[in-house]
Every structure is written in C-alpha cells, then in structure tokens.
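So that the names make sense, note that chain A is the first sequence line, chain B the second, and so on, each numbered from 1.
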There are 2 protein chains.
Amino acid sequence: MDSTMRFSALEKRIPDVTQKMLAQHLRELENQGIVTRTIHPSVPPKVEYSLSEYGRTLVPVLQSMCDWGRNHNRLGGDMSVRQMQS
Amino acid sequence: MDSTMRFSALEKRIPDVTQKMLAQHLRELENQGIVTRTIHPSVPPKVEYSLSEYGRTLVPVLQSMCDWGRNHNRLGGDMSVRQMQS
DNA sequence: CGGTATCCGTGCGGATACTG
DNA sequence: CAGTATCCGCACGGATACCG
C-alpha cells in the first residue's frame with residue numbers, strides 16, 4: 001500500500017503463490033489501472049510495482065478488510081465459539 | 001445487512017445467480033457462522049436468512065466496499081480516464 | 001417453496017520448460 | 001530477474017431432474 005515492490009519481493013511475501021498467478025494478477029491490476037508497473041532498463045532487469053493514484057482509493061477498503069482479519073484470525077477454528085471481539 | 005430475507009427474495013436481488021450457487025454459498029456462510037438460517041415449519045416451507053451477530057462484524061467491511069463501488073461504478077469503462085473522485 | 005442429486009463441459013491454475 | 005508458452009488434470013459451476 002505504501003512502498004513499491006519488485007516481482008521477486010512480492011513472490012516472497014505471498015506464500016505459495018506461483019509465478020504464473022502472480023504475473024497474471026499483476027497484469028490484470030495493471031490493466032485495471034490499479035497498479036503501476038515501472039521497468040528499469042538494466043541488467044539484470046528490474047521491475048517495480050506500486051499502487052497507482054487510482055489504486056490508492058482502495059486503501060480504506062483494504063484497511064477495513066485487514067482490520068477485520070486481525071480481529072478474527074481464528075484460521076478456520078471452531079465456529080461454535082466464534083463471536084464478536086472487543 | 002439489516003433485514004432477513006427468504007431464499008427466493010435473495011434469488012431476485014442477485015441477478016443471474018443459479019439456485020445451486022445461492023444454496024451453496026448460503027450453506028457455507030451458515031457453516032462459517034456468518035449467516036443464520038431459520039426454518040419456519042409451514043406449508044409451503046419458509047426459510048429466512050439473516051446476518052448473525054458474528055456476521056454483523058463484517059458490516060463495516062461491506063460498507064467500505066459498497067461505498068467504493070458507488071464512487072467508481074464505471075462498469076469496466078475506459079481505464080485511461082479512471083481517476084479519484086471527490 | 002427451497003432445496004438436493006447427478007451429469008457434464010470448460011476454464012482455471014499447477015508444473016515444467018524456455019527466454020530477453 | 002522477470003517473465004511467457006505449453007500442456008494437462010480436475011474441480012467449479014451450469015443445466016436438468018427430482019423431492020419433502
């Protein structure tokens with residue numbers, strides 16, 4: 001949400017994602033104008049991804065999803081004890 | 001988010017959803033404790049769905065997603081003119 | 001009314017190999 | 001490093017039929 005990240009960095013931060021899926025989703029996010037792709041001509045090649053200005057309008061949505069996740073991270077545990085927190 | 005709804009009412013409000021998909025998703029939401037299923041024994045049968053107390057913790061998330069959608073409902077239009085609103 | 005059971009086609013994603 | 005190309009299995013979802 002704040003920094004730019006390289007392809008390989010994203011690979012590491014998204015456990016078990018395949019190269020194909022990561023590339024495919026990044027390409028779609030780019031096509032939808034949500035993510036900006038910047039190519040630095042060099043050897044080895046360096047490509048950086050970041051949220052576009054438009055993509056940053058999604059930050060509040062992502063934040064509320066993330067907040068919810070942090071408060072309810074039972075990872076598929078027993079549903080019968082599931083309830084509101086704080 | 002606020003009212004209870006019957007199966008057929010949900011069918012009408014979700015365009016093109018198939019019976020199979022609606023039933024399948026409702027069953028999963030029920031299993032995850034997000035939706036409450038209430039059966040009224042009568043003829044014809046009457047089943048009502050509503051958000052559980054736990055499910056209501058998702059309201060802020062749904063709201064922010066909905067808000068974003070209302071402000072950016074270009075329905076897949078030209079990406080090149082896509083930008084932040086207000 | 002509110003589903004489930006069964007069949008079936010297809011498209012999604014994993015694995016692998018290759019490349020500028 | 002940052003991908004694309006190709007192949008392929010399978011599971012997801014549509015269509016249809018049936019039911020308490």
For [X] and [N], give me the distance from atom [atom1] to atom [atom2], rounded to whole Å.
X	N	atom1	atom2	answer
B/Arg37	C/dG3	CZ	P	5 Å
B/Arg27	C/dG2	CZ	C1'	9 Å
A/Gln24	D/dA2	CD	P	19 Å
B/Leu10	C/dG3	CG	C1'	13 Å
B/His25	C/dT4	NE2	P	14 Å
B/Glu28	D/dG13	CD	C1'	14 Å
A/His40	D/dC1	NE2	C1'	14 Å
B/Leu26	C/dG2	CG	P	11 Å

(request) May I ask you to decide if A/Ser64's main-chain N or O and B/Ser64's side chain share a donor-acceptor pair within less than 3.5 Å? (result) no
(message) Taking A/Pro45's backbone N and O only, do any of them form a donor-acceptor pair with A/Ser42's side chain (distance below 3.5 Å, no angle check)?
(response) no
(request) Sugar-phosphate atoms are those with a prime plus P, OP1 and OP2; base atoms are the rest. Using that split, label each nucleotide of nucleotides 14-20 of chain C B, S or - for protein heavy atoms under 4.0 Å, 5' to 3'. (result) BB----B
(request) Consider the side chain of B/Pro44, meaning its heavy atoms from C-beta on, and name the nucleotide among C/dG3, C/dC1, D/dG3 that approaches it most closely. (result)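 The answer is C/dC1.
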(request) Side chain of A/Val47 only, please: which of C/dG2, D/dT4, D/dA2 is the nearest? (result) D/dA2
Less than 4.5 Å apart, any side-chain heavy atom of [X] and any of [Y]?
X	Y	result
A/Leu10	A/Leu26	yes
B/Leu22	B/Thr18	no
B/Thr57	B/Tyr54	yes
A/Tyr49	A/Val35	yes

(message) Please confirm whether the shortest side-chain N or O distance from B/Tyr49 to OP1 or OP2 of C/dG3 is below 4.0 Å.
(response) yes
(request) Just grab all the salt bridge (charged side-chain N to carboxylate O under 4.0 Å, His left out) pairs involving residues 7-29 of chain A, residues at least two apart or on different chains. (result)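 Listed by first then second residue: A/Arg27-A/Glu30.
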(request) Check DNA chain D against residues 1-9 of chain A and give the residues with a non-hydrogen atom under 4.0 Å, in numerical order. (result) A/Arg6, A/Phe7, A/Ser8
(request) State, to 0.1 Å, how close A/Met1 and A/Leu51 come at their nearest heavy-atom pair, and which atoms those are. (result) CA-CD1, 3.9 Å
(request) Assess the side chains of B/Thr4 and B/Ser50: does a donor N or O sit below 3.5 Å from an acceptor N or O? (result) no
